**Student:** 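Below you'll find the structure I mean.
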Amino acid sequence: STNIVKSSALDPVLLAVEKYNDMASRCGLPKAQKITKARKAAIGARLKDGGGIDGWIAALDKVEAQTWLHGDNDRGWKANLDFIAGEQSFTKLMEGTYDRDITDKQNQPAGSRSADPSLAAALNRVFDAESH
C-alpha cells in the first residue's frame with residue numbers, strides 16, 4: 001500500500017479516509033471501500049471548514065470515544081464515513097452534541113475527558129450566565 005501512503009501525502013481527502021479506516025477497524029465500524037465524488041466533496045468541505053486534518057482527527061476521536069456510535073445502541077446502528085463527513089453530523093460531533101452524559105460507568109473508557117460531572121456542571125453554569 002505504498003501507493004496510498006504516497007498519494008495521501010498529496011491528497012488530504014485520501015489521508016482523511018485512511019484515518020477514518022484506521023479508527024473504523026479499531027471500533028468495528030464499516031470501512032470505506034470507495035471514495036466517490038460525493039464523498040470527496042463532503043470530506044473536502046469538512047477539512048476546509050473543520051480545521052483541516054487535525055479537526056477531522058478530533059471528530060474521529062469523538063466517534064471512537066462514544067461506544068453508542070459503534071452499535072452499542074437499541075438499534076445496533078453504527079456511524080460510518082458518510083455520517084462523519086455529513087455537514088450536520090460533523091458539526092454536532094465537534095460541538096459535543098453526541099457526547100453522552102455518561103452515568104453508565106461500564107461504557108466509560110478509563111481516563112475519558114467527560115468523566116468529571118462537576119466540570120460539565122461548572123461549564124453549564126458559565127454558559128448559562130453568559131446567555132442571560
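None of the values given here were measured: they were computed from a predicted structure.
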**Student:** Any donor and acceptor pair, going by atom type alone, linking the side chain of E64 with main-chain N or O of C27 inside 3.5 Å?
**Tutor:**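 Absent.
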**Student:** Using side-chain heavy atoms (C-beta onward) and a distance below 4.5 Å, is I84 in contact with W56?
**Tutor:**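 Sidechains of W56 and I84: in contact.
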**Student:** Below 3.5 Å, can you tabulate the donor-acceptor pairs from side chains in residues 42-50 to any protein atom, sequence neighbours excluded?
**Tutor:**
from	atom 1	to	atom 2	distance (Å)
R46	NH1	A42	O	3.4
R46	NH1	A85	O	2.9

**Student:** Within this structure, what is the CD1-NZ distance for the pair I57 and K19, rounded to the nearest 0.5 Å?
**Tutor:**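 Going from CD1 on I57 over to NZ on K19, the span is 5.0 Å.
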**Student:** Where is the tightest heavy-atom contact between P30 and A24, given as atom of each residue plus distance?
**Tutor:**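 Residues P30 and A24, closest heavy atoms: O-CB, 4.0 Å.
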**Student:** Is the side chain of H70 donor-acceptor paired with the backbone N or O of A65 at a distance under 3.5 Å, no angle test?
**Tutor:**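 Not confirmed, H70 side chain does not pair with A65 backbone.
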**Student:** Applying side chain to side chain donor-acceptor pair (under 3.5 Å) as the test, list every pair that has at least one member in residues 76-93; sequence neighbours left out.
**Tutor:**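 Non-adjacent pairs meeting side chain to side chain donor-acceptor pair (under 3.5 Å): R39-D82.
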**Student:** Which heavy atom of G55 sits nearest a heavy atom of M94, and at what distance?
**Tutor:**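 Minimum heavy-atom separation between G55 and M94: O-CE, 3.6 Å.
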**Student:** Just how far is it from atom CG of L60 to atom CD1 of I53, taken to the nearest 0.5 Å?
**Tutor:**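 Here the interatomic distance stands at 8.0 Å.
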**Student:** So, for A79 and L29, which heavy atoms are closest and what is the spacing to 0.1 Å?
**Tutor:**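 Result for this residue pair: O-CD2, 3.6 Å.
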**Student:** To the nearest 0.5 Å, tell me how far L81 CG sits from K34 NZ.
**Tutor:**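 With rounding to 0.5 Å, CG (L81) is 13.0 Å from NZ (K34).
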**Student:** Just verifying a value: how many Å separate R100 CZ and N73 CG, rounded to the nearest 0.5 Å?
**Tutor:**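 Nearest 0.5 Å value for the CZ-CG distance: 8.0 Å.
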**Student:** Donor-acceptor pair, N21 side chain versus K31 backbone, under 3.5 Å?
**Tutor:**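 No.
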